[in-house]
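Let me begin by presenting the structure, written as structure tokens, before commenting on it.
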Amino acid sequence: MSQTTIMDHPLIQHKIGIMRVKTTSTKEFRDLVAEVAMLICYEATRKLELSDIEIETPLVKTTVKEIAGKKLCIVPILRAGLHMADGILNLIPNAKVGHIGMYRNEETLEPVEYFCKLPHDAAEREIFVVDPMLATGGSAIAAISQLKARDITKIHFLCLIAAPEGVKALQAAHPDVDIFIGSLDECLNENGYILPGLGDAGDRIYGTK
Ligand SMILES: O=P(O)(O)OC[C@H]1O[C@H](OP(=O)(O)OP(=O)(O)O)[C@H](O)[C@@H]1O
Ligand SMILES: O=c1cc[nH]c(=O)[nH]1
Ligand SMILES: [Mg+2]
């Protein structure tokens, strides 16, 4: 049974609050994307399986835990997801990274895919799809459908900000995918932007507006 988890950690709420401020600089915004992604990843990896290994401390032999299998893969949805992936790689540096390029048509709000490159053994991996914004849900739904078409089954979705409309659509389209959300906002506006939101995440990360 999949779950939707909304983060209530004070650090996440504090940092997302700074990201919402329109005068927050590109550099600070970018740094915060990586930091909040890392904090959400901490929760999203809570159920990873562990196995026992024998080691020697400087004093005795003992048994310690390690992540079983070590088959993880982060899949950022370009562009804005890219910097979330960088933050998460600080926590799980040996994860492989796949990329899905997707942008929203500004009039129809439909996602347009322009790139997909995944590790050759992606179907054997536990996948963390990352994108800061879940608005209508179209981009996340299309990206996850693309993964499932390649026989990938163990999928989690991580975002910084979600609209209720997007959460509902994603849950309906992919009920098997766990969703981790930094902040659940109020609604979408008439242009498909999240309110109160933080604006266009990609533009704010890369300074393109
Ligand atoms: O839930 P949706 O309605 O599909 O909207 C969310 C998408 O919109 C943004 O990407 P955008 O299209 O602006 O591309 P960018 O990352 O290149 O800026 C965001 O990063 C998501 O991918
Ligand atoms: O509010 C929104 C909605 C979609 N994409 C963004 O970057 N921001
Ligand atoms: Mg954008």
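Every number for a ligand or one of its atoms is a count from 1 in the order of the listing.
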Discussion item. Is there a polar contact, in the sense of an N or O pair closer than 3.5 Å, between I194 and ligand 2?
Written reply: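 Min N/O separation from ligand 2 is below 3.5 Å for I194.
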Discussion item. Is there a polar contact between ligand 2 and A201, counting only N or O atoms under 3.5 Å apart?
Written reply: yes
Worksheet item: Does an N or O from Y103, backbone or side chain, lie closer than 3.5 Å to an N or O of ligand 1?
Response: no
Discussion item. Test your reading of the structure: does Y114 have an N or O sitting under 3.5 Å from an N or O of ligand 1?
Written reply: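 Min N/O separation from ligand 1 is not below 3.5 Å for Y114.
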Is there a heavy atom in [X] that sits closer than 4.0 Å to ligand 1?
{"X": "L78", "result": "yes"}
{"X": "L109", "result": "no"}
{"X": "G137", "result": "yes"}

Fill in: ligand 1 contact on T136 by region, counting heavy-atom pairs under 4.0 Å
both
Worksheet item: Does ligand 1 have a heavy atom under 4.0 Å from the side chain of A135, from its backbone, from both, or from neither?
Response: both
Is [X] close enough to touch ligand 2? Criterion: a residue heavy atom under 4.0 Å from a ligand atom.
{"X": "G199", "answer": "yes"}
{"X": "R104", "answer": "yes"}
{"X": "P132", "answer": "no"}

Worksheet item: When you look at V129 and I144, which way does the side chain to side chain contact (heavy atoms under 4.5 Å, CB included) test go after all the steps?
Response: CA-CA 8 Å; V129 178; I144 292 169; 4.3 Å; yes
Fill in: Any donor-acceptor N/O pair, D185 side chain to C187 backbone, under 3.5 Å
no
Practice prompt. From the options E110, R104, E165, E106, select the one whose nearest heavy atom is closest to atom 12 (O) of ligand 1.
Written response: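 When every heavy atom of E110, R104, E165, E106 is considered, R104 comes closest to atom 12 (O) of ligand 1.
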Discussion item. Just to be sure I'm reading this right: ignoring hydrogens, which of K209, M102, M133, R204 gets closest to atom 6 (C) of ligand 1? Compare them by their nearest heavy atoms.
Written reply: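 Selected option, by shortest heavy-atom distance: M133.
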Discussion item. Ignoring hydrogens and geometry beyond distance, is a side-chain donor-acceptor pair present between S2 and H156 at under 3.5 Å?
Written reply: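 Absent: no donor and acceptor within the cut-off.
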Item to complete: Determine whether the side chains of S183 and R20 contain a donor N or O and an acceptor N or O closer than 3.5 Å.
Response: yes
Worksheet item: Is there side-chain contact between K148 and S145, with heavy atoms separated by less than 4.5 Å?
Response: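 The answer is no; the side chains never approach within 4.5 Å.
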Worksheet item: Of the options D131, V167, I181, L170, which is the one that meets C159 in a side chain to side chain contact (heavy atoms under 4.5 Å, CB included)?
Response: I181
Item to complete: Determine, step by step, whether D203 and T208 satisfy the side chain to side chain donor-acceptor pair (under 3.5 Å) criterion, reporting the C-alpha distance in whole Å, the side-chain angles of both residues, the deciding distance to 0.1 Å, and the verdict.
Response: CA-CA 5 Å; D203 284 340; T208 42; 2.5 Å; yes
Worksheet item: Hey, does the Lys NZ or Arg CZ of R79 hover above the aromatic six-ring of Y114, less than 6.0 Å from the centre and inside 45° of the axis?
Response: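 Because its charged atom misses either the 6.0 Å distance or the 45° angle limit, R79 does not stack over Y114.
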Discussion item. Are I205 and V75 connected into the same hydrophobic cluster when the rule is that any two of I, L, V, M, F, W, Y join if their side-chain heavy atoms are below 4.5 Å apart?
Written reply: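 Cluster IDs for V75 and I205 differ.
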Worksheet entry | Presence of N, O or S from D200 under 2.8 Å of the Mg ion (ligand 3) | yes
Worksheet item: Is the shortest side-chain N to carboxylate O distance from D200 to K209 below 4.0 Å?
Response: no
Discussion item. Quick check on atom 10 (O) of ligand 1 - does any protein heavy atom sit closer than 4.0 Å to it?
Written reply: no
